[in-house]
Participant: 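Structure in structure tokens, see below.
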Amino acid sequence: MTTAPYAALRPAGAGAPPAPVGREELLGRLERALHTRGRALLTGPAGVGKTELALAEATRAEARGETVLWLATLPSDREIPGASAAALVASVAATVSWPDLGPGRPEACGVFDELPGPQRTAVAMLCREAPLDAGGWDPIALRLGIAQILRTLAGRGPVLLVVDGVQHIDADSADLLRFALHLAPPALRVVAVETPEPYGEAKEPHRPEDPHATHLWVPSEADVLLVPPLQADEIAALLIHHRLPSRMAGRIHRASGGNPRLALAVGRSLADARTPVHHAEALTLSGRARDLARQLLGAAPLAVRETLLLAALALRPSSTLVRRAGRPNAEADLAAAERAGLVSLAEDGSVTFTAGLLPSTLVHDACWAERSAGHAALAEVVDDPVEAVRHRALATDSPDEDLAAEVAAAADLARRRGNSALAAELALLAAESTPGRHGRRRIARLVDAAEEAARAARADLAMRAATDLLARDAAPSDRVRARLAVLDTAGQGLTGLDEMYVHAMEDSEGDTALRAAVQLRLAVKYVLADGDPQRSRAAAVESAALAASMGDPRTAAQALTVQARMERALGSPDAEAVLAQARALELAERPLGIRNAAQILTIRHALFDDRLTDARDELNALLPLVQRRGSVEDAIELFSTLAAIESRRGACPAALAHAGQALALTLEAGLSPGPAWYTLALAETAGGSFARAASYARRSIQASEEEGDRVFLSRSRYALGRVQLINGDVAAALETLRRVQADERAQSTMDPSMLRWHEELAEALLAHDAADEALAVLEEVRPVASRLGRSTVLLGCDRAYALWLAVEGRTDEAADLLTRTAEAFGRAGLPLERGRALIALARVERRRRRRSAAQSALHAAASVFERAGAAPWLVLASETPAGPAGETPGGGSGGEEAPAALSALTEAELRLARLVGQGASNQEAAAKLYLSVKTVEARLTRIYQKLDVRSRAQLATALRR
């Protein structure tokens, strides 16, 4: 039992923390319940985060100056009469002075001094501070004493009592605390944390019959707060918060069911095991993760766990199926499991485990005989022939060719039904059921299993099949096909697979068709993992030529698509011609999916060129096809591209909806969330929240770094740098955007329309008082954009160049250029870019001291953003600008309107002036602004000259005016 004032449970110097991840709204509800009723009960399964939520509220209460008492109970406390009440008294004693009840020792002042003699004696007996007489403590005196202690403590100021583990309070203590809280004043508020326990026929001897016997008050709907599991996206944020790999957030969410404690255990298990990305589907669920699952399962009696094992073995478990398979009390057992938070039961009796780790642990811990008997029983009662064959195969460990043939046929049937995951599992089961004397047949089935697993994106099954095959005397072509299947399930994470590529190249020697397939995979690897588009283009060219020589239009089309993508990135004028060749081949041979098809790349090129209406119309035409027979990766690609298009064209609500769909599908499928988070960062920047956009961009950066995905690492850094710039965090934006510049140069990316970082970097440099470097960036990109005909890239450069003109004092030219740029953006169908140019125009007009023109530009920008639903941009346009010195580069206000004299300062100069005016030394200002002391001194000299001041004191006075 932990008994202490809350301050003793916190690290020294800790401030009030934000709400736990994903619990902001719930913490608000908790505070409202405490404000209105003074009581709140947090309930939910073990590990869901109840204690963390109570901890956050306790910290906030302490920050408000309240007295916080923390009582944490243990299961053994239920066996000791008065244990929890005594612990509470001890907690109060640690908070205030405790009187010396021994003879001959002076008494200290405190709440215990005010107790009448009998009450003090009873309290002392409870805490074993005085001998327990033969009659025991006086129950009435003890009741009154506990009540008086809490009343006195609450009389000195607000008190928050947290009881963590209220279900473990012994009956005597529960009675004492109920009485005391009934008499307590409103200044005493209580948070109780409860983990419900299942109640079945075999009750533990110390459990009261009434499940509410240990409640400290009569709960109502107003004060009972169920703490739910976290959503998949919240699990991802939790993993990032704890510096754990987030690339498998969807799979970890499935394994944990959203239980934070389980999710962190799984995440740490993966981090400790350093599981490669291509093995990730299996998840290394050992150690702490398995132990936690066993603890949760241990809450159910043995008979319930035996029933749950049958449910874990079934593909579609239900109470009826489990009962027919030999568990006559299935309904009662499953109801008990539901009360324990292990399963959820639907109206039709179907059973769903609350966390994927629970059924896998049940199966993992069962012996072979138990698993075999369970599968045999289920095989007799399932009504689907595919499931029956599966159970029969899993019930035996003796290879049988007849059974293997049945399983292979079942795999074909599952494939035709569209259940690719089950088809992959059955295909591998068919291979493993094949007797050793049929070696060639087993190898052929292993190849089929690996390729089926690749279609289902099941990396674990593909690796199992490939590992089995590579240990046998397989032909080189079979080895290549198995390795290609593993590579196809690696997703974004292709690092660490170099050996797989090398062996595939060796084994494909002399087989032109297979060599074309290997070169195609290498082309993808070279750009994603190595960041080398030139090498990728060369591999794609070779793959296309080899495939064409073999009459393989499908592989040739894929290779030409990769080549076209690289030609575009490298700034080659041949990109569109190569893409047209790929589209022509696709018309003759329909691709297996759209994710890497020429058709989707054509749409993305239209997006890069800002032909947004064409891009959207073509995608909408694809939507029925994807919904009818597309894979989940196809759907993700479609929604992500739609979100990017809608973000660009200013359809902000639609962009957010599409990006949310892409993320949900990504996490549900267990794929890397890095690309989906990048898409959400774009959508949030357009119409959601700049803070959320930055958060998603940071998540995408972390996931891309974990995957070794160079392409999306650069994109997500761009998204973050752009938001940082808009928010006025110039130093951070400059650092981030310079990394983007280095990334893109290292990858030899030439086309500026694919990632428009040049204009953002130029603005950041201008805000950092590096005008010459900003101009150099613009002069570098302009010729390339002109040569490639990237007209809207040139418009972005015009906006940045206009700001450079303003910095140089050429404000008339700047205002004229920004006016023309805003109109051109409007004609191009880019409302958000038009609004941003108008905000920049307002800044320049303010510098020209044309207040009316500045307000007119801002009103026009606000109107544009309001029509687009661009909420964060509307806030920027609605704020009164502080003049060019006080505004953020994106147009946000730095505060109240600056004096006219300050309008001569650049933004970088104003930041330095404010620091120095507040008393910072040159060294302190240099450290704060990431500058050298020499730069600070030179910049300060210019500030003095512009403001006509001669000292820091005069500077501070000028700023105050």
Side-chain angles (χ1 to χ4, degrees), residues 516 519-520 523-524 526-528 532-548 553-591 593-622 637-638 640-642 644-645 648-649 711 714-715 744 747-758 781-797 827-830:
Q519 287 290 352
L520 177 60
V524 175
Y526 289 147
V527 66
L528 279 183
D532 190 341
Q534 292 178 338
R535 200 175 179 191
S536 174
R537 176 174 62 182
V541 169
E542 181 175 353
S543 175
L546 292 171
R554 183 170 290 159
T555 301
Q558 290 178 296
L560 287 170
T561 300
V562 176
Q563 181 188 345
R565 183 180 290 117
M566 296 306 101
E567 300 284 6
R568 174 96 189 201
L570 293 168
S572 169
D574 298 331
E576 295 305 319
V578 174
L579 183 56
Q581 294 179 50
R583 285 297 303 271
L585 288 175
E586 283 187 356
L587 292 176
E589 184 75 20
R590 183 185 294 274
I594 70 163
R595 181 166 173 259
N596 296 309
Q599 186 175 10
I600 200 71
L601 183 61
T602 303
I603 294 170
R604 294 199 68 82
H605 281 196
L607 166 62
F608 297 149
D609 294 336
D610 285 323
R611 292 183 284 109
L612 302 175
T613 301
D614 294 343
R616 184 193 57 182
D617 291 345
E618 285 200 49
L619 268 184
N620 285 333
L622 274 177
E637 179 72 20
L638 186 144
S640 295
T641 306
L642 267 176
I645 292 170
R648 187 75 177 150
R649 64 186 292 271
V711 171
S714 184
R715 291 180 185 179
E744 293 295 286
Q747 297 176 59
S748 304
T749 304
M750 293 296 295
D751 192 322
S753 68
M754 298 177 69
L755 201 64
R756 305 186 182 214
W757 55 268
H758 303 83
V781 70
R782 273 187 178 280
V784 179
S786 297
R787 175 175 62 84
L788 296 174
R790 311 301 187 228
S791 57
T792 54
V793 172
L794 292 171
L795 289 178
C797 292
R827 290 193 298 272
L830 302 173

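Because the structure is a prediction, the values reported are computed rather than measured. By convention here, the first residue in the shown sequence is residue 1.
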Participant: Any side-chain heavy atom of Arg568 sitting closer than 4.5 Å to one from Ser753?
Facilitator: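 With C-beta onward as the side chain, the pair touches.
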
Participant: Which pair of heavy atoms, one from Ala547 and one from Ala556, lies closest together, and at what distance?
Facilitator: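 That closest heavy-atom pairing would be CB-N, 3.5 Å.
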
Participant: With heavy-atom distances below 4.5 Å as the criterion, would you say the side chains of Leu642 and Asn620 are in contact?
Facilitator: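 Leu642 reaches Asn620 side chain to side chain.
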
Participant: Would you kindly say whether Ser572 and Glu567 are connected by a side-chain donor-acceptor distance under 3.5 Å?
Facilitator: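 Short answer, yes.
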
Participant: Is any side-chain heavy atom of Arg537 less than 4.5 Å from a side-chain heavy atom of Leu570?
Facilitator: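 The answer is yes, as the side chains (C-beta and beyond) meet within the 4.5 Å cut-off.
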
Participant: If you apply the rule side chain to side chain donor-acceptor pair (under 3.5 Å), what do you find for Thr792 with Arg756, and how did you get there?
Facilitator: CA-CA 10 Å; Thr792 54; Arg756 305 186 182 214; 2.9 Å; yes

Participant: Would you say the side chain of Val524 lies within less than 4.5 Å of the side chain of Ser536, judging by non-hydrogen atoms?
Facilitator: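 No, too far: nothing below the 4.5 Å cut-off.
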
Participant: Taking the side chain as C-beta and beyond, is there a heavy-atom pair between Leu638 and Ile600 under 4.5 Å?
Facilitator: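 No - every pair of side-chain heavy atoms lies 4.5 Å or more apart.
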
Participant: What's the shortest heavy-atom distance between Ala544 and Ala559, and which atoms?
Facilitator: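 Heavy-atom minimum between the residues: N-CB, 3.5 Å.
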
Participant: Within a strict 4.5 Å, meaning less than it, do heavy atoms of the Val562 and Leu601 side chains meet?
Facilitator: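 Not in contact.
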
Participant: Tell me, do Thr749 and Leu755 make a side-chain contact under 4.5 Å, heavy atoms counted?
Facilitator: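 No, every pair of side-chain atoms sits at 4.5 Å or beyond.
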
Participant: Closest heavy-atom contact between Leu560 and Gln581?
Facilitator: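 Taking every non-hydrogen atom into account, CD1-CB, 4.0 Å.
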
Participant: Could you give the distance from CZ (Arg715) to CH2 (Trp757), rounded to the nearest 0.5 Å?
Facilitator: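 Nearest 0.5 Å value for the CZ-CH2 distance: 15.5 Å.
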
Participant: Asp609 versus Arg790: any side-chain heavy-atom pair under 4.5 Å?
Facilitator: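 Sidechains of Arg790 and Asp609: in contact.
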
Participant: Looking at Gly571 and Arg787, what are the two nearest heavy atoms and their distance?
Facilitator: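 Heavy-atom minimum between the residues: O-NH1, 3.3 Å.
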
Participant: Among His758, Glu744, Arg782, which residue satisfies the side chain to side chain contact (heavy atoms under 4.5 Å, CB included) criterion with Pro752?
Facilitator: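 Per the side chain to side chain contact (heavy atoms under 4.5 Å, CB included) rule, the option paired with Pro752 is His758, out of His758, Glu744, Arg782.
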
